[in-house]
J.: 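Just passing along the structure, written as structure tokens.
Side-chain atoms are counted along with the backbone in the values below, which use heavy atoms only and exclude waters and symmetry mates. This structure is a prediction, so every number in the text was calculated from the model and none was measured.
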Amino acid sequence: MAYDISRKEKVTRNLPFILLNIGGAYSKKGDQVKAMSFFHQAEDAANEHLSVVFQSLIAYGMAEHYQRLHQRDSALYYAKRSIALVQQDEFKYLSLKPSKLLTEIYENTDADSAFKYLKIYKIANDSVFSARSNQELQVLTFQEDQRQQELADAKTKFRNSLKTNILLGGITMLCLIAFILFRNNKQKQKANVVLKSQKTEIEKTLAQLESTQKQLIHAEKMVSLGELTAGIAHEIQNPLNFVNNFSEVNTELIDELNNELAIGNMQLAKEIAGNIKDNEQKIIFHGKRADAIVKGMLQHSRSSSSVKELTDINALADEYLRLAYHGLRAKDKSFNATMKTDYDESIGLINIVPQDIGRVILNLITNAFYVVSERKKNATLPPGPLKGEEAFEPLVSVTTKLILPHLGGKGEKESLQKGQQLNSASPTMEAAFPKIF
């Protein structure tokens, strides 16, 4: 980290020391190749800066490295070199560690050399102690002088600050009193004008609120209708395509029918006529489908009359499910979701206001599509709060179910079952409740 910061900030003065420490770390780990690589880099950096201190420290670091490897000659060489670099300089204290190392190496083999480097060690140790004592004394003296000066400055600053604060406090109080008097006078003058103006505005606002409320309700429906336009266009396109395709097929079949009749092939002519009839039934079916979509759109756009009508809740839910899906697809082509339906056919027709219930169903389904779409987008982000959802696939299911309340006697249950079978004829029955999930 120190190496990276130094290179980034372009501060190269301490690079020899940093590289020396990295080399020493690799030496202790037993990685000789990397250790020597960083030692040589440290030597180059020290030579570039002409630093005797770093040259001496690096030589000692290499001496320690060879001592760990039990390479006595190399260790002696670099330890002596470390001492020689600072022996005639003001940094004699740096010979402390290399002289100790040499003393230990020569201790059992060469008494004279051991005694020689022991003397160097003692001189270096005394130098370190003397320099450190003088330095500490100078620091203590400087700190005491600085503390006395800071106390004097603090006293002067406190007195000046106290005077300034008292003066500013008096001026502030006078200004505050003058401002309050001026403000009160202005407020009294403006109060009557403001009250009259507010009264007029309130009366206008109250008059506009009723009209605005009605407009907002209708505008909300128009907004949702606009969002559904693309979905409706897509939904109505499917039955129209079927109508066009079967019409074209029928045109071709009629030509074939005429040809067969011309040659008197009645059997094949009857088969072609049957095919034409089947296609006509399909044309009628898809035509009614398109008609239902248009009616649903018109019903959604017009103001609710709050009049209940016999309505197939399953068909209504299915219609708005598909319109909501294609409406979102028109906005975002990348959006995809699986639609699953489970309709309870025993519900039959129920007496509701289809415009109001349709808007509720549309909002629920649109919100559901939006939620699964957002969750799918979040699942593709880097792992975070939704980690583990990479395989999430959007699914929106619509279920209708007839919920029967708790009934007492057997006769009452049988009566309800009979009434349920006649639900389409008796839509106002209150014993059973359809629900949408």
J.: Mind checking what makes side-chain contact (heavy atoms from CB on, under 4.5 Å) contact with I171, not counting sequence neighbours?
T.: L167, C175

J.: Kindly compute the distance separating OH (Y320) from OG1 (T366), expressed to the nearest 0.5 Å.
T.: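 Here the rounded value is 11.0 Å.
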
J.: Which atom pair, heavy atoms only, marks the closest approach of A324 to L362?
T.: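 Shortest heavy-atom contact: CB-CD1, 4.0 Å.
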
J.: Look at the side chain of S37 and the backbone N and O of V33, then say whether any donor-acceptor pair between them is shorter than 3.5 Å.
T.: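 Answer holds: no.
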
J.: Could you tell me whether the side chain of F17 reaches within less than 4.5 Å of the side chain of V53, counting heavy atoms only?
T.: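 Counting from C-beta outward, V53 and F17 never come under 4.5 Å.
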
J.: Look up atom OG1 in T400 and atom CG in L316, then write down how far apart they are to the nearest 0.5 Å.
T.: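 CG of L316 is found 11.0 Å from OG1 of T400.
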
J.: Hey, could you give me the NZ/CG distance between K97 and L57, rounded to the nearest 0.5 Å?
T.: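 Taking NZ in K97 and CG in L57, the distance rounds to 8.5 Å.
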
J.: Can you name the nearest heavy-atom pair linking A79 to P98, along with the distance?
T.: O-CB, 3.6 Å

J.: Test Y343 against I313 for side chain to side chain contact (heavy atoms under 4.5 Å, CB included), laying out the working first.
T.: CA-CA 9 Å; Y343 300 134; I313 193 68; over 6 Å; no

J.: When Q41 is tested against each of L20, L19, I22 for side chain to side chain contact (heavy atoms under 4.5 Å, CB included), which residue passes?
T.: L19

J.: Mind checking whether T399 and T341 have side chains closer than 4.5 Å, heavy atoms only?
T.: no

J.: Locate the shortest heavy-atom distance separating F54 from A46; write the atom from each residue and the value.
T.: CB-CB, 3.8 Å

J.: Set out, in order, the CA-CA distance, both residues' side-chain angles and the distance that settles side chain to side chain contact (heavy atoms under 4.5 Å, CB included) for T311 and I357, then state yes or no.
T.: CA-CA 10 Å; T311 305; I357 298 300; over 6 Å; no

J.: Tell me, with the steps shown, if R7 and D4 meet salt bridge (Lys or Arg N to Asp or Glu O under 4.0 Å).
T.: CA-CA 5 Å; R7 295 303 298 268; D4 291 339; over 6 Å; no

J.: What distance do R322 atom CZ and D318 atom CG have between them, rounded to the nearest 0.5 Å?
T.: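 With rounding to 0.5 Å, CZ (R322) is 4.5 Å from CG (D318).
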
J.: Please check this pair: side chain of D110 against backbone of Y106, looking for a donor-acceptor N/O pair closer than 3.5 Å.
T.: no

J.: Run the side chain to side chain contact (heavy atoms under 4.5 Å, CB included) test on K308 and I352 for me, step by step, so that the C-alpha distance in whole Å, both residues' side-chain angles and the decisive distance to 0.1 Å come before the verdict.
T.: CA-CA 5 Å; K308 294 183 178 180; I352 59 172; 5.6 Å; no

J.: Is a donor on one side and an acceptor on the other found under 3.5 Å between the side chain of N47 and the backbone of E43?
T.: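 Yes: the side chain of N47 pairs with the backbone of E43.
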
J.: Can you pull out every ring-ring contact (aromatic ring centres under 6.0 Å, His included) where at least one residue sits in residues 356-378? Sequence neighbours excluded, please.
T.: Y325-F369, F335-F369

J.: Report the distance from atom CG of L349 to atom CG of N314, rounding to the nearest 0.5 Å.
T.: 10.0 Å

J.: If every non-hydrogen atom of A42 is compared with every non-hydrogen atom of I58, which pair is closest and at what distance?
T.: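 For A42 versus I58, the nearest heavy atoms are O-CD1, 3.2 Å.
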
J.: Looking only at atom types and distance, does a side-chain atom of K376 sit under 3.5 Å from a main-chain N or O of E393, one as donor and one as acceptor?
T.: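 Answer holds: no.
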
J.: Would you compute the distance between atom CZ of F39 and atom CD of E64 and round it to the nearest 0.5 angstrom?
T.: 8.0 Å

J.: Measuring only between side-chain heavy atoms, which start at C-beta, is H65 closer than 4.5 Å to Q71?
T.: no

J.: Taking all non-hydrogen atoms of both residues, which atom of A35 and which atom of G23 are closest, and how far apart?
T.: CB-O, 3.5 Å

J.: Only counting residues at least two apart or in another chain, list the ones meeting side-chain hydrogen bond (donor to acceptor under 3.5 Å, both in side chains) with T156.
T.: none

J.: Under 3.5 Å, is there a donor-acceptor pair between the side chain of T172 and the main chain of L168?
T.: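 Yes, the answer is positive, given that a donor and an acceptor are paired below the 3.5 Å cut-off.
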
J.: Can you give me the closest heavy-atom contact between S74 and Y66, atom names plus distance?
T.: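 Scanning both residues, the minimum pair turns out to be CB-CG, 3.4 Å.
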
J.: Side chain to side chain contact (heavy atoms under 4.5 Å, CB included) for Q67 and I105? Distances and angles first, verdict last.
T.: CA-CA 9 Å; Q67 179 67 6; I105 293 174; 3.7 Å; yes

